[in-house]
Student: 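Dumping the structure here so I can ask a few things about it.
When a ligand or atom number is given, it counts from 1 through the structure's own listing order. The basis for the numbers below is simple: all heavy atoms, side chains too, and nothing from hydrogens, waters or symmetry mates.
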Amino acid sequence: MIKVKNVSKKYGSFTALHSIDLEIESGEFIAVLGPSGCGKTTLLKLLAGFMGPTEGTIEMDDKVLASTKRVLPPEKRNIGMVFQSFALWPHMTVSEHVKFPLSYHPNKIKEGKKELQERIGDVLKLVGLDALAERYPSELSGGQKQRVALARAIAPLPNLLLMDEPLSALDVELRMEMRKEIQKLHRETEASIVFVTHDQGEALAIADKIVVMNQGRIEQIAPPEVLYTRPETEFVATFVGKCNLVKGQWQNDRFVPAIDSKNIWPDLGVADSFKESGIYPVRPEQFLLMPSEKDGLQGVISFVQYQGHEIHYTVEVGEETWTIHESVFASRFNTGDVVGISLKNAPIQNESLVPN
Ligand code: ATP
């Protein structure tokens, strides 16, 4: 278990990380998600030991790895690293890339031992590069190069694998394939993984737990489904998927949209912080569009975008503009149509229908 306790990091007078607390369980796959400049790489560098914290400590299995007084350097930690740029050495073959860390890592294997060749063979097989062992980086495709970087990182059997945007240099199809490869590697190596990305789809797809960061602070830590269905802050609600932040009044577990107080929406799992600020975060696919403007809230369709499996509607509702996604199999609407809007999974509640 790795514990990041109250860690802050300053670059001169600029604070890049503010009091970060994070626990990484053994074998856990964590994605660190956030916009450019929010401090993701800084957190990774602290976990690796490239620099020390300005405040706080980092512990692994109750041993202090870093504090303001002392920082255990990367080569003395049992970690592996994969970078966005692959960072391969042009003069080394695939097999030499895997051999290299086995000579310098804390888990090194002595030259000449049978175990060394066996480990290199096993690792290359695991990442599907056994047939290319004698090739140089210039003779490999982008996906193959990234596999070499992965093989090099996992060869010494690290407890912790740090990955900084490892898939961002690859095209979309290859990214999807490599995501599965990384999930497979995770299952087989049992290492904890900290995977930095600014791609929310990637984080949702790959991780056990997502850490969402914004301006050097952690906004929320949760498993993907909890993060998506129950965001706790406006930042998380709009950065991870696109939530509509509907304004209104919370009356215990009933919400009355400001636009039309005759409507009442039930609480389908809204975090307390939104209740305090009078907001109902609604995912585009959580809305139900109906042909009759008498049902639910009234809106006017201003844009229609066909997306293959879904139709994306932009709908003007009073002063607000909402994004609503409907299946292609649902009722279709055109620009200018007046529609009724309600929440899916919620009975249509209209004040005029509720008995006194
Ligand atoms: P990106 O997604 O763009 O890589 P990031 O979330 O990884 O961004 P960091 O690289 O951790 O962000 O940087 C966090 C903040 O700290 C940024 O505002 C950056 O400009 C600043 N920063 C990073 N390194 C230094 C440095 N050596 N000196 C001064 N400021 C720095």
Student: Look at the side-chain heavy atoms of Ile, Leu, Val, Met, Phe, Trp and Tyr, link any pair under 4.5 Å apart, and say whether Leu185 and Val94 land in one connected group.
Tutor: yes
Student: Got a sec, which pairs hit side-chain hydrogen bond (donor to acceptor under 3.5 Å, both in side chains) with one end in residues 122-146, sequence neighbours left out?
Tutor: Ser141-Gln144
Student: Over 60° means perpendicular and under 30° means parallel, so tell me whether Phe29 and His186 are parallel, tilted or perpendicular.
Tutor: perpendicular
Student: Who are the residue neighbours of ligand 1 when the rule is a heavy atom under 4.0 Å from any of its atoms?
Tutor: Tyr11, Phe14, Ala16, Pro35, Ser36, Gly37, Cys38, Gly39, Lys40, Thr41, Thr42
Student: Under the salt bridge (Lys or Arg N to Asp or Glu O under 4.0 Å) test, which residues partner Glu115, sequence neighbours left out?
Tutor: Arg119
Student: Looking only at side-chain N and O atoms, does Glu316 offer a donor or acceptor that is under 3.5 Å from a partner on Thr321?
Tutor: yes
Student: Quick test of your reading: applying side-chain hydrogen bond (donor to acceptor under 3.5 Å, both in side chains), list the pairs with at least one residue in residues 230-241, sequence neighbours left out, ordered by first then second residue.
Tutor: Glu219-Thr233
